[in-house]
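The structure appears right after this line, and notes come after that.
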There are 2 protein chains.
Amino acid sequence: MRRDSRLSRMLHVLIHMDRHYKRATSDTIAQMLGTNAVVVRRTMAGLRKQGYVHSEQGHGGGWELARELTDISLFDVYQAIGAPPLFAIGPSVEQPECLVEQAVDARLNDALQEAETLLLERFRSVTVADIAQDFDACFAEHTHHT
Amino acid sequence: MRRDSRLSRMLHVLIHMDRHYKRATSDTIAQMLGTNAVVVRRTMAGLRKQGYVHSEQGHGGGWELARELTDISLFDVYQAIGAPPLFAIGPSVEQPECLVEQAVDARLNDALQEAETLLLERFRSVTVADIAQDFDACFAEHTHHT
DNA sequence: TTTTTCTGTAACAAGACGGGTTACGTGTAT
DNA sequence: ATACACGTAACCCGTCTTGTTACAGAAAAA
Ligand code: FES
Ligand code: FES
C-alpha cells in the first residue's frame with residue numbers, strides 16, 4: 001500500500017462498464033481489479049452519491065453507468081472519491097510561530113499550490129471518454145499489427 | 001503524522017543556523033523544531049552526505065553550515081533527504097495487463113509527471129537564501145510597524 | 001413464502017511510512 | 001577519566017489505504 005489508487009481504479013471501472021458490460025456486480029468488478037467486493041462498494045459509493053453510477057440491490061442487481069463518459073471528468077471522479085490529499089510532502093505545522101518557518105512554509109505552499117492547480121486543471125480538462133478513446137486507438141493499432 | 005515534513009524542517013534549520021547560531025547541537029535544533037535529537041540527526045545525515053552541513057562529535061561539537069545558502073536550492077535539500085515521493089495518489093499496479101488500465105495510467109502519469117516537473121522546477125529555481133530574504137523582508141516590516 | 005443473490009455498512013486486521021523514543025557505541029575537549 | 005555530542009540500530013506509535021469478515025436490508029426467483 002503505497003499510493004492511493006482509487007482514482008485509477010474508478011476510471012478503469014467506468015470505462016470497463018461502458019465498453020464491456022453495462023451491468024456488473026461488485027464481485028465481478030472486484031475480480032477484474034484484483035481486489036475485494038467490499039472495497040468496490042466502498043469506493044463506488046462516492047460515485048453513486050454524485051450520480052455517476054447507479055446501483056441496484058437484490059437478484060440481478062449490480063452497478064451501471066448513470067451518465068455518459070463524456071460528461072465525467074477526471075476531476076469529477078477525483079472529487080467523488082473524496083478528494084484525497086494529492087501531495088505526500090508539506091509543512092510541519094499549521095500555525096508556526098517562528099517567522100523563518102512561516103517564510104519556509106509560504107514558499108513551499110506556493111510551489112505546492114501551483115502544482116496542485118496545474119494538476120487539477122488537467123483533471124478538469126480530461127473526460128473519462130477521452131481515456132476510453134485512448135484505449136480505442138491503442139486497441140486498433142494493436143489489432144492492425146497482429 | 002500526515003505529510004512528510006522533512007523538507008520544511010531542514011529548510012528551517014539551515015536558515016536558523018545561518019541567521020542565528022552558526023553552530024547548534026542536535027538537541028537545541030530538536031527543541032526549536034519541537035522534535036527529537038535523533039530525528040534531527042537522522043534527517044540531517046542526508047544533508048551532511050551532500051556536503052551542505054558539517055557535524056563534529058565530542059565536547060563542543062554539533063552542526064554547522066558547510067556551504068552558503070545561495071548555493072543550496074530547495075531541490076538540493078529535497079534530494080538530500082532522499083527525494084521522497086511527492087504525490088499521495090497514483091496508479092494501482094506497475095504493469096497492468098488490461099489495455100484500458102494502461103490507458104488510464106498513461107493519462108494519470110502524464111498529469112502527475114507534468115505537475116512533478118513543475119514542482120521540481122520551482123524547487124530548482126529557489127535557493128534557501130531566497131527564503132531567508134523573504135524572512136528578512138517580513139521581519140523588517142514587522143519591526144517597522146511596532 | 002422461502003431462498004438466493006445482490007448492495008450497504010460497520011468493524012477489524014494488515015502493511016506501509018513518517019515520526020518519536022530508547023539504547024548503546026564512538027569520538028573529542030576538558 | 002569524564003562529560004558532551006554525534007551515529008545508528010531497534011522498536012513503538014499514529015495515520016491512512018486496503019483487505020476481510022459479519023450482518024442487515026432489498027429484490028428477484030423458486
Ligand atoms: S478489465 Fe474490463 S476494462 Fe480492464
Ligand atoms: S527557531 Fe531559529 S529560525 Fe525558527
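Just so you know, these numbers use all the heavy atoms, side chains as well, and skip hydrogens, waters and symmetry mates. So you know, we letter chains A, B, ... as the sequences are listed, proteins then strands, and number each from 1.
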Pick the nucleotide of DNA chain C nearest each of B/Val39 and A/Val38; which residue has the one closer to the 5' end?
A/Val38

Does A/Arg42 have a side-chain nitrogen or oxygen under 4.0 Å from the phosphate oxygens OP1 or OP2 of C/dT9?
no

Looking at D/dG7, I'd like to know if its phosphate oxygens (OP1 or OP2) sit under 4.0 Å from a side-chain N or O belonging to B/Ser55.
yes

Output the rounded distance in Å from CG (A/Asp27) to C1' (D/dT20).
13 Å

If we ignore hydrogens and angles and just use 3.5 Å, is the side chain of A/Asp18 paired with the main-chain N or O of A/Ile15 as donor and acceptor?
no

Can any side-chain N or O of B/Thr143 pair as donor or acceptor with the backbone N or O of B/Ala140 at less than 3.5 Å?
yes

Tell me which nucleotide among C/dG8, D/dT20, C/dG19 gets nearest to the side chain of A/Asn36.
D/dT20

Is B/Arg48 side chain donor-acceptor paired with the D/dT8 base, going by distance under 3.5 Å alone?
no

Return a single string for nucleotides 24-30 of chain C, one symbol per nucleotide in 5' to 3' order, where B is base contact, S is sugar-phosphate-only contact and - is none, cutoff 4.0 angstrom on heavy atoms.
--BBBS-

Could you check which residues of residues 76-83 of chain B get a heavy atom under 4.0 Å from DNA chain D? Sort them by number, please.
none

Between the side chain of A/Thr28 and the main-chain N/O of A/Ala24, is any donor-acceptor distance below 3.5 Å?
no

Has B/Arg23 got a side-chain N or O lying under 4.0 Å from the OP1 or OP2 atom of D/dC4?
no

Residue-phosphate contact under 4.0 Å: A/Thr25 side-chain N/O, C/dT5 OP1/OP2:
no

Search all heavy atoms of A/Phe123 against all heavy atoms of B/Leu108 and return the closest pair with its distance.
CE2-CD1, 4.1 Å

If you draw the axis of the six-membered ring of A/Tyr52, does the NZ or CZ of A/Arg67 fall within 45° of it and under 6.0 Å from the ring centre?
no

Determine whether A/Val53 and A/Ile131 fall in the same hydrophobic cluster, where Ile, Leu, Val, Met, Phe, Trp and Tyr are linked whenever their side-chain heavy atoms lie under 4.5 Å apart.
yes

Interatomic distance, B/Arg2 CZ vs C/dG20 P [rounded to whole Å]:
14 Å

Protein-nucleotide distance (B/Ile29, atom CD1; D/dG7, atom C1'), rounded to Å:
15 Å

Is any side-chain nitrogen or oxygen of B/Ser26 closer than 4.0 Å to OP1 or OP2 of D/dA5?
no

Is a donor on one side and an acceptor on the other found under 3.5 Å between the side chain of B/Asp76 and the backbone of B/Ser73?
yes

Is B/Arg3 side chain donor-acceptor paired with the C/dG19 base, going by distance under 3.5 Å alone?
no

Once you round it to whole Å, what is the distance between C1' of C/dT9 and NZ of A/Lys49?
11 Å

Atom-pair distance (CE on B/Met10; C1' on C/dG19), nearest Å
12 Å

Of B/Ala37 and B/Pro84, whose nearest nucleotide on DNA chain C comes first from the 5' end?
B/Pro84

N/O donor-acceptor pair under 3.5 Å between A/Gln102 side chain and A/Pro96 backbone:
yes

Apply the side chain to side chain contact (heavy atoms under 4.5 Å, CB included) test between A/Ser8 and each candidate in B/Val93, B/Asn109, B/Asp105; give the one that qualifies.
B/Asp105

Between A/Asp4 (CG) and C/dA16 (P), how many Å, whole number?
17 Å

Using a strict cut-off of less than 4.0 Å between a Lys/Arg side-chain nitrogen and an Asp/Glu carboxylate oxygen, indicate whether B/Glu64 and B/Arg23 qualify as a salt bridge.
yes

Would you kindly give the CZ-to-P distance between A/Arg6 and D/dT18, to the nearest whole Å?
5 Å

Provide, to the nearest angstrom, the distance between the NE2 atom belonging to B/His54 and the P atom belonging to D/dG7.
10 Å

